[in-house]
Amino acid sequence: MLSVKQELLAALAAELETLSPGAGARAAFENPKVAAHGDFACTAAMQLAKPLKANPRALGEQLKAALEATPAFQQWVDAIEIAGPGFLNIRLKPAAKQQIVREVLAQGAEFGNQASRGENILVEFVSANPTGPLHVGHGRQAAIGDAISNLYSTQGWKVHREFYYNDAGVQIDTLTKSTQLRAKGFKPGDECWPTDGENPLAKNFYNGDYIADIANAFLAKETIKADDREFTANGDVEDYDNIRQFAVAYLRNEQDKDLQAFNLKFDEYYLESSLYENGHVEETVKRLIANGKTYEQDGALWLKSTDYGDDKDRVMRKTDGGYTYFVPDVAYHIQKFKRGFSKVVNIQGTDHHGTIARVRAGLQAADVGIPQGYPDYVLHTMVRVVKNGEEVKISKRAGSYVTLRDLIEWTSKDAVRFFLLSRKPDTEYTFDVDLAVAQNNDNPVYYVQYAHARIQSVLRAWQEAGGAGLPSLKDVDLSALEGPQAQALMLLLAKYPEMLTAAAEGNAPHDVTFYLRDLASSYHSYYDAERILVDDEKLKLARLALVAATAQVLHNGLAVLGVSAPERM
């Protein structure tokens with residue numbers, strides 16, 4: 001049907017060009033808001049009426065007659081109807097919709113994918129401080145980032161997944177001090193370990209049990225591997241630097257286990273400390289000063305970020321000589337650009353909203369050729385977790401939050417991914433643990449996966465009864481697929497590639513979950529309306545080809561989300 005649509009668009013473009021030179025380039029079909037109105041809608045007559053000084057309905061009648069005379073419309077279109085002030089509602093012949101089944105079966109796992117565009121994109125996500133296990137907010141970010149990466153891959157981009165480690169700064173000092181105290185035998189509740197929420201000093205320590213685990217491993221002089229580097233503890237509780245390196249490595253290793261449980265792999269782990277070690281931060285600051293984009297005031301160095309739309313100028317270097325956190329961010333994004341990534345997408349929590357303007361201001365002030373609006377940002381809200389009807393806020397392992405691994409252990413990797421992707425990133429979300437493990441139609445991931453498993457069961461029954469196998473379905477006669485449920489299912493299959501493109505352009509993986517639920521619903525309606533394994537061989541093969549194509553699209557869509565497509569449930 002995609003090829004059919006292209007033929008019809010080409011015919012429409014030619015007729016529009018005849019009516020008004022240049023109009024052909026804007027040839028397009030829309031999806032009718034009401035399915036009963038037809039399969040495609042065209043508003044060209046209303047758009048051209050004013051420049052042509054014509055009555056839109058009369059122009060619509062003229063365009064309708066011209067289109068009905070073209071070979072493409074004669075072959076594939078059943079009827080064109082004029083509606084309202086000049087809408088063209090187009091109804092396709094069943095044979096036009098049936099073409100999508102052949103296209104899906106021929107392309108298989110590649111259906112919906114676009115050709116390589118020869119461009120690189122970097123998607124940075126999770127990027128958690130190595131100060132504790134990954135929490136459910138990181139989990140939402142992991143699901144969103146991985147799905148967005150997969151979406152861009154379907155559109156021909158070469159995707160680079162990157163995790164940025166903030167392994168420098170105050171939080172790392174807090175981690176080190178907390179580990180050192182535990183290694184010395186102190187614990188939360190001791191006088192030296194303030195826990196009063198109103199006491200600012202209470203923020204100087206991490207209370208989770210994982211800190212004790214790090215301290216014990218340090219005293220045992222264990223060796224920890226983090227990415228491609230190894231760190232060995234010397235067990236000396238006074239060696240602050242060794243404690244720091246070991247604690248960071250330990251937690252990077254722990255976070256890697258969280259990511260493995262989520263079946264997520266990164267192409268690169270980029271260390272904030274490397275920006276200082278390699279001189280990128282100092283180089284960036286010097287460039288901003290040389291460009292005249294900074295000034296000294298009250299003992300601090302300021303960036304003239306208001307020159308680039310920020311609501312106020314920002315401190316770059318504090319009175320104590322340390323840099324504010326957005327400065328290494330600017331240096332980091334300059335390096336992203338220099339590494340050849342023409343497009344960059346950052347997945348971050350909504351609490352990072354304030355950094356967008358200052359980072360972009362710093363990049364423009366640096367004047368290294370980076371386009372305005374670089375990088376793109378996708379901001380997400382945190383996640384509430386409800387279990388047994390009550391909100392869960394604390395994990396003993398983490399000390400103050402539910403971890404990603406907790407959620408996976410309570411439910412499954414598939415449920416966590418699908419659920420965390422089922423809403424727009426910037427909307428509040430409550431993760432219902434009980435719903436995530438329910439085996440009924442109220443559970444969206446179960447509902448979609450069950451549709452796939454249900455189809456596989458039908459295909460197995462056919463093959464066990466002597467069926468020729470899936471390859472044979474690519475060339476069967478599909479003319480029997482004329483029922484309303486079959487027609488609706490085929491029309492929905494045809495929308496998959498356009499849905500993928502729109503979801504990638506909008507950084508909207510939730511659109512994929514919506515589509516898959518609609519597709520599963522359409523399949524279940526079809527299954528309930530028409531028996532598939534009938535005695536009529538021609539009818540049976542046509543129906544098997546349709547459900548096999550549906551299973552393929554369900555599989556492809558779930559793969560974009562990083563969710564499995566089980567063959568049995």
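Computed from a predicted model, the values in this text were never measured in an experiment. These numbers come from the heavy atoms of this one structure, side chains and all, not from hydrogens, waters or symmetry mates.
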**Report entry** Ile347 side chain reached by Val126 side chain, heavy atoms, under 4.5 Å
**Finding:** no
Query raised in the report: Going by distance alone, is a donor N or O of one side chain under 3.5 Å from an acceptor N or O of the other, for Gln245 and Tyr240?
Result: no
Report summary line: Closest non-hydrogen atoms of Ser342 and Tyr374, given as atom of the first, atom of the second and distance, are O-CE1, 3.7 Å
Query - Cationic tip of Lys387 above Trp410 ring, under 6.0 Å, 45° of axis - result: yes
Query raised in the report: Side chains of Glu238 and Asp236: does their closest heavy-atom pair fall under 4.5 Å?
Result: yes
Query raised in the report: Should Lys257 and Glu254 count as an ion pair when the cut-off is N to O under 4.0 Å?
Result: yes
**Report entry** Any side-chain heavy-atom pair of Asp298 and Thr319 under 4.5 Å
**Finding:** no
Query raised in the report: Do the rings of Tyr269 and Phe266 sit parallel, tilted or perpendicular, given the 30° and 60° boundaries?
Result: tilted
Query raised in the report: Salt-bridged, Glu567 to Arg454, with N to O below 4.0 Å?
Result: no
Query raised in the report: Does the pair Val383 and Leu420 meet the rule for a side chain to side chain contact (heavy atoms under 4.5 Å, CB included), with working shown?
Result: CA-CA 8 Å; Val383 180; Leu420 293 180; 4.0 Å; yes
Report task. Answer whether the closest heavy-atom distance between the side chains of Asp167 and Leu271 falls below 4.5 Å. Result -> yes
Query - Side chains of Pro375 and Phe337 in contact at under 4.5 Å (non-hydrogen atoms) - result: no
Requested in this report: I would like to know whether Val512 and Leu421 meet side chain to side chain contact (heavy atoms under 4.5 Å, CB included); could you show each step before the answer?
Outcome: CA-CA 9 Å; Val512 183; Leu421 290 168; over 6 Å; no
Query raised in the report: Are the aromatic ring centres of Tyr165 and Tyr270 under 6.0 angstrom apart?
Result: no
Query raised in the report: Between Pro509 and Leu151, what is the shortest heavy-atom contact and its length?
Result: CA-CD1, 3.9 Å
Report task. Look at Lys338 together with Glu283 and state whether they make a salt bridge at an N to O cut-off of under 4.0 Å. Result -> yes
Report task. State which residue, out of Leu516, Asp414, Val445, fulfils the side-chain contact (heavy atoms from CB on, under 4.5 Å) condition with Leu561. Result -> Leu516
**Report entry** Shortest non-hydrogen separation from Phe246 to Ile214 and the atoms involved
**Finding:** CE2-O, 3.6 Å
Query - Geometric cation-pi criterion, Arg384 with Tyr429: 6.0 Å, 45° - result: no
**Report entry** Salt-bridge present (Lys336, Glu124; N to O < 4.0 Å)
**Finding:** yes
Query raised in the report: Between Asp241 and Arg244, is the closest basic N to carboxylate O distance under 4.0 Å?
Result: yes
Query raised in the report: Would you say Arg229 has more than 12 foreign heavy atoms packed within less than 6.0 Å of its CZ?
Result: no
**Report entry** Sidechain N-carboxylate O distance under 4.0 Å for Glu282, Arg287
**Finding:** no
Query raised in the report: Is the Trp193 to Phe186 ring centre distance short of 6.0 Å?
Result: no
Query raised in the report: side-chain contact (heavy atoms from CB on, under 4.5 Å) with Tyr377: which of Ile356, Val345, Asn507?
Result: Ile356
Query raised in the report: Parallel, tilted or perpendicular: which fits the ring planes of Trp157 and Tyr152, with parallel below 30° and perpendicular above 60°?
Result: perpendicular
Query raised in the report: Under a 4.5 Å cut-off applied to non-hydrogen side-chain atoms, are Phe125 and His138 in contact?
Result: no
Query raised in the report: Would you call Lys187-Asp190 a salt bridge at under 4.0 Å N-O?
Result: yes
Query raised in the report: Is it true that Asp310 and Arg314 make a salt bridge, defined as a side-chain N closer than 4.0 Å to a carboxylate O?
Result: yes
Query raised in the report: When you look at Thr350 and His380, which way does the side chain to side chain contact (heavy atoms under 4.5 Å, CB included) test go after all the steps?
Result: CA-CA 5 Å; Thr350 51; His380 67 90; 5.7 Å; no
Query - Single hit among Phe419, Tyr450, Phe418 for side-chain contact (heavy atoms from CB on, under 4.5 Å) with Asn443 - result: Phe419
Query - Asp258/Arg405 salt bridge by N-O under 4.0 Å criterion - result: yes
Query raised in the report: Can you check whether Tyr210 reaches Leu251 side chain to side chain, under 4.5 Å on heavy atoms?
Result: yes
**Report entry** Side-chain touch Glu268/Arg339, heavy atoms, less than 4.5 angstrom
**Finding:** yes
Query - Test: Glu230 and Lys225 ion pair at under 4.0 Å - result: no
Requested in this report: Determine, step by step, whether Val327 and Val285 satisfy the side chain to side chain contact (heavy atoms under 4.5 Å, CB included) criterion, reporting the C-alpha distance in whole Å, the side-chain angles of both residues, the deciding distance to 0.1 Å, and the verdict.
Outcome: CA-CA 8 Å; Val327 176; Val285 173; 3.8 Å; yes
